[in-house]
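The structure displayed is predicted, hence computed values, not measured ones.
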Amino acid sequence: MTQIQESTIHVTSADHTRAIGKALASTLRAGDVIMLNGPLGAGKTTLTQGIGQGLNVRGHVTSPTFTVSRIHPPLDEGGLALVHADAYRITDLDDLETVDLDSTAHDTVTVIEWGEGKTEQLSDDRLEIVIERAEGTAAGGDDEGTDAHLGRHTDAHAGGQAGEADIHADAQTHHDVINLEDIDSGERTLTFILHGTRWAGVLDDLDEKARALAGLDAPTTDLHDEVGSHRD
């Protein structure tokens, strides 16, 4: 049986979320698989940006929706490459095999957005992070634009084909919608679900390290809570 542990960290801004990713990156090694789950605009790409900064990879980390996966090679000799994937459009095993994430997973750090129920088979020892807006914090911005973005995703799942102009417009809409700084304060609850023994100790002092990286004051209350552990 695989041991599963859960823990939560509360973050106060998008910069704090990035800093969590950067601090987490210092603990990562080749073969690590991280699955990010949460609604549109929750901060999955923001967290991945922090991981990319911490790994010091090439290129700006953006949502890979229309390329499905993107490889960011390391800038440092001997560094780790980051594979950033978006599994939103993956509907079955054939789609997953087409993306071919398993061919790179052993040599890179793989971060997958929208992977719940689709990409668990990549690793038994994986880290899942669920990102939720703080209670009472609602996303603002252009709701109509968000609905249109989701509608185009639904059409894609149904097999519809968008023209290049539509794809370009959708990419711009997607970029605007997921910008945390534009739509709300960035307060989030991050629930870390640790599968297997690989992740033992990884969360130790993670928020403290992140706050130091972001230049944030220490919390006045304990914002790092152990949820519990169990075995599947």
Chemist: Charged N to carboxylate O below 4.0 Å: is that the case for Asp86 and Arg70?
Modeler: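 Judged by the 4.0 Å cut-off on N to carboxylate O distance, Asp86 and Arg70 do not form a salt bridge.
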Chemist: Can you get from Leu213 to Val61 by hopping between Ile, Leu, Val, Met, Phe, Trp and Tyr side chains that sit under 4.5 Å apart?
Modeler: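 In one cluster with Leu213: Val61, no.
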Chemist: For the residue pair Ala25 and Ile51, what are the closest heavy atoms and their distance?
Modeler: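 The answer is CB-O, 3.6 Å.
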Chemist: Where is the tightest heavy-atom contact between Thr27 and Leu24, given as atom of each residue plus distance?
Modeler: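 Looking at all heavy atoms of both residues, the closest pair is OG1-O, 2.7 Å.
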Chemist: If you define the side chain from C-beta out and look only at heavy atoms, does anything of Leu206 sit under 4.5 Å from Ile20?
Modeler: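 When only atoms from C-beta onward are counted, Ile20 and Leu206 do touch, with a gap below 4.5 Å.
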Chemist: Side chain of Lys44, backbone of Gly38: donor and acceptor closer than 3.5 Å?
Modeler: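 Pair found, side chain donor or acceptor close to backbone of Gly38.
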Chemist: So, Arg211 side chain and Asp217 main chain: donor-acceptor pair closer than 3.5 Å or not?
Modeler: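 Yes, the answer is positive, given that a donor and an acceptor are paired below the 3.5 Å cut-off.
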Chemist: Could you pull out the closest heavy-atom pair between Thr110 and Ala105, with the gap in Å?
Modeler: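 In this case the closest contact between Thr110 and Ala105 is OG1-CA, 3.7 Å.
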Chemist: Step through the shown structure and confirm whether more than 12 heavy atoms of other residues, nucleotides or ligands are within 6.0 Å of CD on Glu116.
Modeler: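 12 or below, so no.
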Chemist: The criterion is side-chain hydrogen bond (donor to acceptor under 3.5 Å, both in side chains); which residues satisfy it with Glu128, sequence neighbours excluded?
Modeler: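 Arg126, His195.
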Chemist: With sequence neighbours left out, write down each residue that passes side-chain hydrogen bond (donor to acceptor under 3.5 Å, both in side chains) with His72, or none if nothing qualifies.
Modeler: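 Scan of His72 (side-chain hydrogen bond (donor to acceptor under 3.5 Å, both in side chains), adjacent residues dropped) gives none.
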Chemist: Please determine whether residues Leu47 and Leu216 belong to a single hydrophobic cluster, defined as Ile, Leu, Val, Met, Phe, Trp and Tyr linked transitively by side-chain heavy-atom distances below 4.5 Å.
Modeler: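 No, no single cluster joins them.
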Chemist: Quick one: closest heavy-atom pair of Ala210 and Ala19, and the distance?
Modeler: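 Closest approach of Ala210 to Ala19, heavy atoms only: O-CB, 3.3 Å.
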Chemist: Do Glu187 and Val11 make a side-chain contact, defined as non-hydrogen atoms from C-beta onward lying under 4.5 Å apart?
Modeler: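 No. Closest side-chain heavy atoms not under 4.5 Å.
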Chemist: Can you find a side-chain donor-acceptor pair between His10 and Asp207 that sits under 3.5 Å?
Modeler: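 On atom types as modelled, these side chains do not qualify, holding no pair under 3.5 Å.
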